[in-house]
Amino acid sequence: MCAAMAQSLPLQCDGPDIVGWDWSKVQHESVQGTKWGQYRVVGTWDGSRLTLTEPPGAAVQGRPEEHRFDSPCPVPEGGWRPADPAKTTQEALQATQQRLENEEAVGGVWLDQSYLDSIPGYDGSKREWAEKYANDPTKLVLNVKSTGDLAGREAWIRESWGGALCVSQAQRSLETLRQIQEFVGEDLGQPITSTSVDIMKEQVVVGVWVASEELQQRLEGKYGEGVVLQQAVLKPVQ
């Protein structure tokens, strides 16, 4: 059973065994002796294996989670606009982002490009639209989450960036979250399928086969409430 597959041919992945699986009873693809497919599986979990309790069914496609990267700051009177046009260039943006990468207090950096929503017919999947509109430094908003003194951080950023800017409070730095991401696997006591950092929610998201309340309480006891989120591959049957 796989949480993700490498896009090779044949596909490659690793995961726990499924007890009772029979390839002859399901539709599947096969290349060079490797068989694969997508299915809804129901069974019992013993901590390392899934034992089927009913035949595999057709895969159920979940709704992808929508991630919005809007600015948390209130929109200034008159809308977002550059404070210093001379420093509102792609070069200035890149230089500022590079400076922020080395700052320990920074909790996250992202670009708010919600201005694209107001362009009639904008289609980001078309290269010509993206090249024309999506990288306009005079219209985007540079967002920076930071711990500590926000006024001082904003003045420091203004040394190199003159475009629209939103500086908001972070409870945890990105460096702290990345350290948790690096070592949280040792606290789980089970294989993990993935780890990622959500800078918007200031969380470390850990992919596990089965989530448990006991494990969540243990993680919260060590890292704090809501800092580490379990994202389960297998979920209880409703």
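We use all heavy atoms of the structure for the numbers below, so side chains are in, but hydrogens, waters and symmetry mates are not. This is a predicted model, so every value here is computed, not measured.
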Inset, instruction - Give the minimum heavy-atom separation between Arg40 and Val60, together with the two atoms involved. - result: CD-CG2, 3.9 Å

Inset, instruction - Might you point out which heavy atoms bring Val206 and Ile192 nearest each other, and give the distance in Å? - result: CG1-CG2, 3.7 Å

Legend entry - Salt-bridge present (Glu159, Lys87; N to O < 4.0 Å): no

Inset, instruction - Would you verify whether the NZ or CZ of Arg99 falls within 45 degrees of the ring axis of Trp161 while also being under 6.0 Å from that six-membered ring's centre? - result: no

Legend entry - Polar contact flag, side-chain donor to acceptor under 3.5 angstrom, Thr88-Thr138: no

Legend entry - Pair Asp187-Tyr223, side-chain donor/acceptor within less than 3.5 Å: yes

Legend entry - Main-chain N/O of Trp80 paired with Tyr115 side-chain donor or acceptor, under 3.5 Å: no

Legend entry - Heavy-atom pair of closest approach, residues Val141 and Ser71: CG1-OG, 3.5 Å

Inset, instruction - Grab the two heavy atoms, one from Ser24 and one from Asp22, that are nearest each other, plus how far apart they are. - result: OG-OD1, 2.6 Å

Inset, instruction - Output the distance between atom CG (Leu165) and atom CD (Glu154), rounded to the nearest 0.5 Å. - result: 5.0 Å

Legend entry - pair Leu111-Gln97: side-chain heavy atoms closer than 4.5 Å: yes

Legend entry - Pairwise side-chain contact, Met1 with Leu234, heavy-atom cut-off 4.5 Å (strictly under): yes

Inset, instruction - Answer yes or no: is there a donor N or O on one side and an acceptor on the other, between the side chain of Glu202 and the main chain of Gln171, under 3.5 Å? - result: yes

Legend entry - CD/Glu214: more than 12 non-hydrogen atoms of other groups inside 6.0 Å: no

Inset, instruction - Mind checking the CZ-CG spacing from Arg172 to Leu177? Nearest 0.5 Å is all I need. - result: 6.5 Å

Legend entry - 4.5 Å side-chain heavy-atom contact, Pro16 and Arg49: no

Legend entry - Heavy-atom closest pair, residues Gly107 and Ala170: CA-CB, 4.1 Å

Legend entry - Check: Thr147 side chain, Ala105 main-chain N or O, donor-acceptor pair, under 3.5 Å: yes

Inset, instruction - Taking the side chain as every heavy atom from C-beta outward, state whether Leu50 and Thr44 have any atom pair closer than 4.5 Å. - result: no

Inset, instruction - Show the numbers, then the answer: is there a salt bridge (Lys or Arg N to Asp or Glu O under 4.0 Å) between Arg127 and Glu131? - result: CA-CA 6 Å; Arg127 182 175 179 180; Glu131 289 179 346; 2.7 Å; yes

Inset, instruction - Decide yes or no for Leu142 and Leu93: does some side-chain heavy atom of the first lie under 4.5 Å from some side-chain heavy atom of the second? - result: yes

Inset, instruction - Rounded to the nearest 0.5 Å, what's the gap from OG1 on Thr96 to CG on Leu100? Could you check? - result: 6.5 Å

Inset, instruction - Side-chain contact test, heavy atoms from C-beta onward, threshold under 4.5 Å: evaluate it for Leu229 versus Lys201 and give yes or no. - result: no

Legend entry - Residue pair Trp21 / Val41: nearest heavy atoms and the distance that separates them: CZ3-CG1, 3.8 Å

Legend entry - More than 12 heavy atoms of other groups within 6.0 Å of Gln38 CD: no

Inset, instruction - Using a cut-off of 6.0 Å, state whether more than 12 heavy atoms not belonging to Glu225 lie near its atom CD. - result: no

Inset, instruction - Could I get the full list of salt bridge (Lys or Arg N to Asp or Glu O under 4.0 Å) partners for Asp17, not counting sequence neighbours? - result: none

Legend entry - Cluster check Val227, Met200: I/L/V/M/F/W/Y, side chain < 4.5 angstrom: yes

Legend entry - Distance (rounded to the nearest 0.5 Å) between Asp70 CG and Ser114 OG: 5.0 Å

Legend entry - Test item: Ile119 and Leu116 side chains (from C-beta on) under 4.5 Å apart, heavy atoms: yes

